[in-house]
Amino acid sequence: MLALLDWLHAMGADAAVGHTAQDWLARGDEAPGAGFSWPKRGHDVASPPGAAARPSGASPPIRPQVEMRSPARADTGRAEAVRPRAATPLGASEAETGARRIARSVTSLEGLEAALRDFDGCGLKSTATKLCFYRGAAKADLMIIGEAPGRDEDLAGKPFVGRAGQLLDKMLAAIGLSEAEVHITNIVYWRPPGNRTPTPQEALACRPFLERQIELVAPKVLVAVGGSAAKEVLGAAEGIMRLRGKWREVQIGDRTVPAIATLHPAYLLRTPAAKQLAWIDLLQIKSKL
Ligand code: URA
């Protein structure tokens, strides 16, 4: 039994997500989540959002240039075990459209958080313990966007509170910024099982909420940390080493926001020599601010 647990842990299963054993093979190929329906609207609705995906006049949001793949079988299976009401049964575009309608209707960060708590269109919610919305200031000139919550974040319900987060705080302190002056979040709001990279579908389902969050925080500068966040925020396909350290403009609603990518603090913990590159990026961010 211990050997089996060791093996499961080595495969990335580092948390129990249900109390009863499941025979996953018995499920056959049936997609989980039949009968899913979108939550009703109603979080500080400014005006009836209607069926439109975005209000007229608003610029289309940037699109991630990523390949769409089916969600991993293991994830959907776990999702079903924990939350019978189902999550992630939808195709990416249906999830995104629903999310966009909900996100458009909220007018405050509190409303956005409440909407996320009700949102079942991202399968990560099923295996996560807590929603990780943001930490730091509600309004900030600098908004940091990471990849996904990890184990510590999942337990605390806040982004970047583990070792990587502590290094991120030190990096920000090095350019004179405290937690109270920045807004820190991720491209997905729930921990992926085993800390895997979020799938494009998961990022896409969360994206309308992230765009609305950026609109509500109204930062002067966006910083994407790590490769996944850089691709998602900058709408680019290159790797982080090519993307980092270069300013781009991203269109969020009717605003154009300068954005830059830098190395992920978790990578810097593993590769201290790369800190010199991160420092160059930090100085650029400081000077832009
Ligand atoms: N890594 C991230 O990208 N985000 C977190 O919140 C924690 C670790």
Side-chain angles (χ1 to χ4, degrees), residues 12 14-15 64 66 75 109 112-113 116-117 122-125 127-138 140 142-173 177-207 209-211 213-214 217 219 221-236 239-241 243-244 259-272 274-275 277-278 281-282 285:
D14 58 356
V66 287
D75 300 333
L109 284 178
L112 197 60
E113 181 169 4
L116 275 166
R117 287 193 191 284
C122 176
L124 294 176
K125 185 177 180 181
T127 46
T129 312
K130 288 197 179 132
L131 167 75
C132 297
F133 185 34
Y134 78 89
R135 107 176 142 84
L142 180 60
M143 183 161 172
I144 311 268
I145 306 175
E147 176 178 300
R151 185 169 181 276
D152 293 329
E153 289 74 24
D154 183 56
L155 294 174
K158 279 180 193 254
F160 279 106
V161 294
R163 279 186 71 220
Q166 286 158 23
L167 178 56
L168 179 65
D169 286 352
K170 286 185 190 159
M171 291 161 70
L172 293 170
L177 292 170
S178 68
E179 186 191 37
E181 294 165 291
V182 296
H183 186 97
I184 303 174
T185 192
N186 285 302
I187 59 168
V188 295
Y189 298 98
W190 295 273
R191 179 198 183 194
N195 292 349
R196 64 164 169 75
T197 304
T199 64
Q201 289 90 338
E202 288 155 356
L204 198 61
C206 293
R207 184 171 182 89
F209 294 99
L210 180 62
E211 286 178 13
Q213 189 174 354
I214 298 170
V217 175
V221 168
L222 285 175
V223 176
V225 295
S228 310
K231 284 179 190 161
E232 184 66 23
V233 172
L234 304 176
I240 184 65
M241 285 303 176
L243 289 176
R244 61 151 283 277
I260 196 168
T262 191
L263 302 173
H264 198 288
Y267 172 74
L268 298 177
L269 287 170
R270 294 191 302 271
T271 322
K275 286 182 181 173
L277 298 176
D281 302 342
L282 284 168
I285 294 161

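Every value quoted in this text rests on a predicted model; they were computed, and no experiment measured them. Start at 1 and go down the list; that is how both ligands and their atoms are numbered. In what follows, residues are counted from 1 in the order of the sequence shown.
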Q: Tell me which protein heavy atom sits closest to atom 2 (C) of ligand 1, plus the residue, atom name and distance to 0.1 Å.
A: Ala148 O, 3.1 Å

**Q.** Residue, atom name and distance, where the atom is the protein heavy atom closest to atom 4 (N) of ligand 1
**A.** Asn186 OD1, 2.8 Å

Q: Could you tell me whether Lys158 and Asp152 have a side-chain N and a carboxylate O separated by less than 4.0 Å?
A: no

Q | Residue Pro159 vicinity, atoms of ligand 1 by number, heavy atom under 4.0 Å | A | 6 (O)

Q: Before signing off on this row, confirm whether Phe160 and ligand 1 have an N or O atom pair separated by under 3.5 Å.
A: yes

Q: Kindly indicate, with the supporting measurements, whether the criterion ring-ring contact (aromatic ring centres under 6.0 Å, His included) is fulfilled by His264 and Phe160.
A: CA-CA 11 Å; His264 198 288; Phe160 279 106; 5.6 Å; yes

(Q) As a check for students: among His264, Arg163, Glu147, identify the option with a heavy atom nearest to atom 1 (N) of ligand 1. (A) His264

Q.
Side chains of Tyr189 and Glu202 only: does a donor on one sit below 3.5 Å from an acceptor on the other?
A. no

(Q) Check this for me: does any side-chain nitrogen of one of Glu153 and Arg191 sit under 4.0 Å from a carboxylate oxygen of the other? (A) no

**Q.** For Gly146, the ligand 1 atoms whose distance to one of its heavy atoms is below 4.0 Å
**A.** 3 (O)

Q) Minimum heavy-atom separation for Ala205 to Cys122, with atom names? A) CB-CB, 4.2 Å

